[in-house]
Amino acid sequence: MTLLELRELTVGVIADETERELVRELSFDLEQGRTLCVVGESGSGKTVTALSIIRLLEFVAPVRTRGEITVDGVDLTRLSADEMRAYRGPRIGMIFQEALDSLNPSQRVGKQLIEAYRKPGSLPRQAARKGTPLHREAETKARGLLKEVGLTDTDRVLSLYPHQMSGGMQQRVMIALALMADPSLLIADEPTTALDVTTQAEILTLFDRVRRDHGTACVFITHDMGVAAQVADRIAVMYRGELVELGSKEDILHAPKHPYTKALLDCVPKLGVSRRDGFPTISEALLEAAMNGESAVATETRTLAGRKTAAGEGTALVIDSVSKVYGHRGRFSLSREPEVHAVKDVSLEIAPGEFFGLVGESGSGKTTLGRLVSALETPTAGTITFGEHRCTSKGLDGDERAFRRRAQLIFQDPQSSLDPRHSAARIIAEPLRELTGLRGADLDRRVTELIDEVGLPSDTAKKLPSQLSGGQRQRVSIARAIAAEPDLIVADEPTSALDVSVQGQVMNLLLELRRTRALSFLFITHNLSLVLSVADRVGVMYRGELIETGDPDEIRLRPRHDYTRRLLAANPELPAHPHTGVRNP
């Protein structure tokens with residue numbers, strides 16, 4: 001039975017009295033109890049489609065919608081605002097990408113779940129009135145759903161605020177929240193993007209089981225083909241606002257027809273495939289040629305520059321028995337806060353020019369170790385040595401400015417790490433001005449060179465971070481990190497929120513910079529396929545401990561620790577497909 005039907009849907013945003021079409025003539029349908037994954041890169045129209053179905057886009061910007069969106073035969077585009085409000089929750093549930101941003105930070109989880117409960121004939125938020133039969137029903141329903149999503153300590157969870165939960169717990173609560181009113185249709189917008197592989201695997205398994213138990217249909221938005229392979233019954237591929245391919249999961253993954261679908265599959269990192277010489281990326285020119293039948297492939301792999309300095313020449317990073325305890329109590333401390341052992345007795349050496357990958361789930365201590373190496377935190381015990389610089393529990397020895405010139409950090413989220421009031425040129429110029437003393441025309445010339453080196457157009461210099469795409473913002477972050485010509489880069493999840501092709505572009509840039517500048521990398525990630533394809537050596541962290549190190553083949557084929565085996569098992573992998581092939585210019 002068909003539940004959702006889109007027919008010739010076109011969505012345009014109105015700005016300055018002109019209309020820009022974001023989705024064009026989109027048509028598909030979804031049967032009750034089935035999952036349709038909508039995949040594509042940023043800007044393809046995935047999220048616009050999801051927000052248009054539930055009619056939330058009209059709250060963000062003036063929009064003009066043409067075509068039909070029918071749920072159980074009712075065209076939602078023709079409903080009034082009050083009529084549409086009755087559909088949100090009881091008929092259509094929504095799971096947003098950022099759970100922490102979607103949950104009310106000022107309300108406990110219990111209140112938010114109970115408020116979402118709806119019974120036929122009840123008013124919105126009527127269940128929030130304590131002491132009523134409806135409130136008791138809502139609380140019973142909330143407890144049952146929390147248990148279904150794996151949060152069995154319901155008393156504790158109901159009393160928590162969103163910020164007191166881990167990312168995985170927040171996403172589980174979001175699933176329970178979306179199911180409180182028993183909707184027949186769920187829309188999930190990138191619900192696992194920011195999660196590590198083990199938590200992602202748990203959430204996807206949980207999501208699929210709960211959805212099937214409730215008989216709910218789902219539109220699942222993702223840019224990760226590996227995720228789509230796990231949850232989809234059918235896959236819709238979008239490109240520049242248009243549907244370019246629609247079919248069963250098996251057909252899309254094993255026998256894709258459209259060049260863009262093939263290109264997306266080619267760009268996904270795969271276990272056992274080395275990408276040290278470059279990642280395939282989608283070429284707009286080749287894609288257009290392939291769509292016109294003039295090219296067999298739509299991806300290309302850059303030929304990276306030769307290595308400037310051989311590995312082993314330069315300064316090694318030595319981490320010796322380092323621990324970090326938060327809430328550490330001294331002899332006379334009266335604090336009752338529990339101690340958190342974020343890093344436990346970690347020892348590691350990264351050779352000059354080495355690309356060392358560090359993997360682990362959220363809370364494993366990998367980001368804390370990166371901050372310790374960058375001297376943004378001081379260790380509770382142990383020593384970190386980089387050339388003449390030593391960092392101990394007493395802080396950083398020597399000239400901090402000299403250390404900052406030699407070791408730089410690329411943060412995970414450029415949206416929050418770049419000053420929103422400063423232009424890209426000013427952001428890149430800051431380390432040059434503060435660490436190297438450049439001024440005037442020399443400073444301007446060096447900023448222009450760096451913008452060109454990281455592959456950004458020249459007009460980027462005057463733009464604010466909000467005017468740049470995610471990949472462009474990350475390139476600005478990289479330009480800022482390399483400005484002072486460091487020897488070591490700590491890269492903390494620099495590609496976690498990027499589309500697979502943009503991820504390839506950023507990784508190619510990092511690999512090229514490593515070769516031309518003889519950089520060492522501590523590359524922190526939860527993407528196991530990515531790090532195994534590019535690193536010289538890989539370390540695995542678990543509960544603050546470095547439990548295993550080895551070259552990528554050792555980690556992949558002969559893992560020694562049970563946790564490493566669990567990581568490999570949880571890693572979303574694509575089935576082999578016969579068309580794979582990239583062009584080397």
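Keep in mind the model is a prediction, meaning the values are calculated, not measured.
- When atom types are taken as modelled, the side chain of D499 and the backbone of S42 share a donor-acceptor pair closer than 3.5 angstrom.
- The side chain to side chain contact (heavy atoms under 4.5 Å, CB included) with R446 is formed by just one residue from the set T436, I428, I451, L438; it is L438.
- Between the D189 side chain and the I221 main chain, no donor and acceptor come within less than 3.5 Å of each other.
- Of all heavy-atom pairs between E41 and L264, the closest is CG-CD2, 4.0 Å.
- The backbone N or O of T368 sits nowhere less than 3.5 Å from a side-chain atom of E377 that would complete a donor-acceptor pair.
- In terms of modelled atom types and a separation under 3.5 Å, the side chain of E190 and the main chain of H223 share a donor-acceptor contact.
- Nearest heavy-atom pair, H389 versus D399, reported as atom, atom and distance to 0.1 Å: CE1-O, 3.6 Å.
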Checklist entry - Are L567 and Y542 close enough, and set up right, to give a side chain to side chain contact (heavy atoms under 4.5 Å, CB included), and what steps lead you there? => result CA-CA 11 Å; L567 274 183; Y542 179 60; over 6 Å; no

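- Taking the six-membered ring for Trp and thresholds of 30 and 60 degrees, F355 and F521 have nearly parallel ring planes, at less than 30 degrees apart.
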Next on the checklist: Between I482 and Q408, does the side chain to side chain contact (heavy atoms under 4.5 Å, CB included) criterion hold? Intermediate values first, please.
Outcome noted: CA-CA 7 Å; I482 66 173; Q408 281 287 320; over 6 Å; no

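- Using a 4.5 Å heavy-atom threshold, the side chains of E554 and E548 count as separate.
- The aromatic rings of H561 and Y563 sit perpendicular, their planes meeting at an angle over 60°, well past the 30° parallel limit.
- Side-chain atoms of D551 come within 3.5 Å of backbone atoms of D553 as a donor-acceptor pair (strictly under, hydrogens ignored).
- Nearest heavy atoms, P559 versus R565: O-NH1, 2.9 Å.
- Minimum interatomic distance between T281 and C267 (heavy atoms only, all atoms of both residues): CA-SG, 3.9 Å.
- Atom NZ of residue K270 and atom CG of residue L530 lie 12.0 Å apart, to the nearest 0.5 angstrom.
- A donor-acceptor pair is defined here as one N or O able to donate and one able to accept, closer than 3.5 Å; no such pair exists between the side chain of K46 and the backbone of F220.
- Heavy atoms of other residues, nucleotides or ligands lying less than 6.0 angstrom from CZ of R401 number 12 at most.
- Of the possible donor and acceptor atoms, one in the side chain of Q474 sits under 3.5 Å from a partner among the backbone N and O of P494.
- Looking at every heavy atom in both residues, T198 comes nearest to A570 through CA-CB, 4.0 Å.
- Residues E349 and R537 are not paired through a salt bridge, judged by the lack of any N-O separation under 4.0 Å between the basic side chain and the carboxylate.
- When the shell of 6.0 Å around CZ of R426 is examined, it contains 12 or fewer heavy atoms from other residues, nucleotides or ligands.
- Counted within 6.0 Å of CZ on R421, heavy atoms from surrounding residues, nucleotides or ligands total 12 or fewer; the atom is thus considered open.
- Taking 4.5 Å as the limit, some side-chain heavy atom of L443 sits within range of a side-chain heavy atom of R433.
- Within the model, atoms CG of L510 and CZ of F279 stand 9.5 Å from one another, a figure rounded to the nearest 0.5 Å.
- Atom CD of E148 sits about 10.0 Å away from atom CG of L146, to the nearest 0.5 Å.
- In this model, a donor atom of one side chain and an acceptor atom of the other lie less than 3.5 Å apart for R143 and T154.
- Among the candidates V227, V197, D224, the single residue satisfying the side chain to side chain contact (heavy atoms under 4.5 Å, CB included) test with T192 is V227.
- Looking at R473, its side chain does come within 3.5 Å of a backbone N or O of P465 through a donor-acceptor pair.
- The main-chain N or O of S374 is found under 3.5 Å from a side-chain atom of R404 such that the two form a donor-acceptor pair.
- The distance from the OG1 atom of T564 to the CD1 atom of I555 is 5.5 Å, given to the nearest 0.5 Å.
- With respect to R517, the side-chain hydrogen bond (donor to acceptor under 3.5 Å, both in side chains) criterion is satisfied by exactly one of E512, E453, E485: E453.
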Item to check | Worked check of side chain to side chain contact (heavy atoms under 4.5 Å, CB included) between T385 and D320 | outcome: CA-CA 8 Å; T385 305; D320 185 17; over 6 Å; no

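- A heavy-atom distance below 4.5 Å is not found between the side chains of S323 and V343.
- R172 places a side-chain N or O within 3.5 Å of a backbone atom of V149 that can act as its donor or acceptor partner.
- Interatomic distance, CG of L206 versus CD1 of I175, reported as 5.0 Å (0.5 Å rounding).
- More than 12 heavy atoms of other shown residues, nucleotides or ligands fall within 6.0 angstrom of atom CZ in R209.
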Next on the checklist: Working note: L511 + R276, criterion side chain to side chain contact (heavy atoms under 4.5 Å, CB included); need CA distance, chi angles, decisive distance, verdict.
Outcome noted: CA-CA 7 Å; L511 290 172; R276 293 178 192 174; 5.6 Å; no

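- Across A178 and L186, no two heavy atoms sit closer than the pair CB-CD2, 3.5 Å.
- Note that CZ of R406 and OG of S520 are 10.0 Å apart. Values are rounded to the nearest 0.5 Å.
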Checklist entry - Going through the checks in order, is the salt bridge (charged side-chain N to carboxylate O under 4.0 Å, His left out) test met by R515 and D277? => result CA-CA 10 Å; R515 290 166 175 249; D277 292 325; 2.7 Å; yes

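- In this structure, the side chains of P280 and R275 come closer than 4.5 Å at one or more pairs of heavy atoms.
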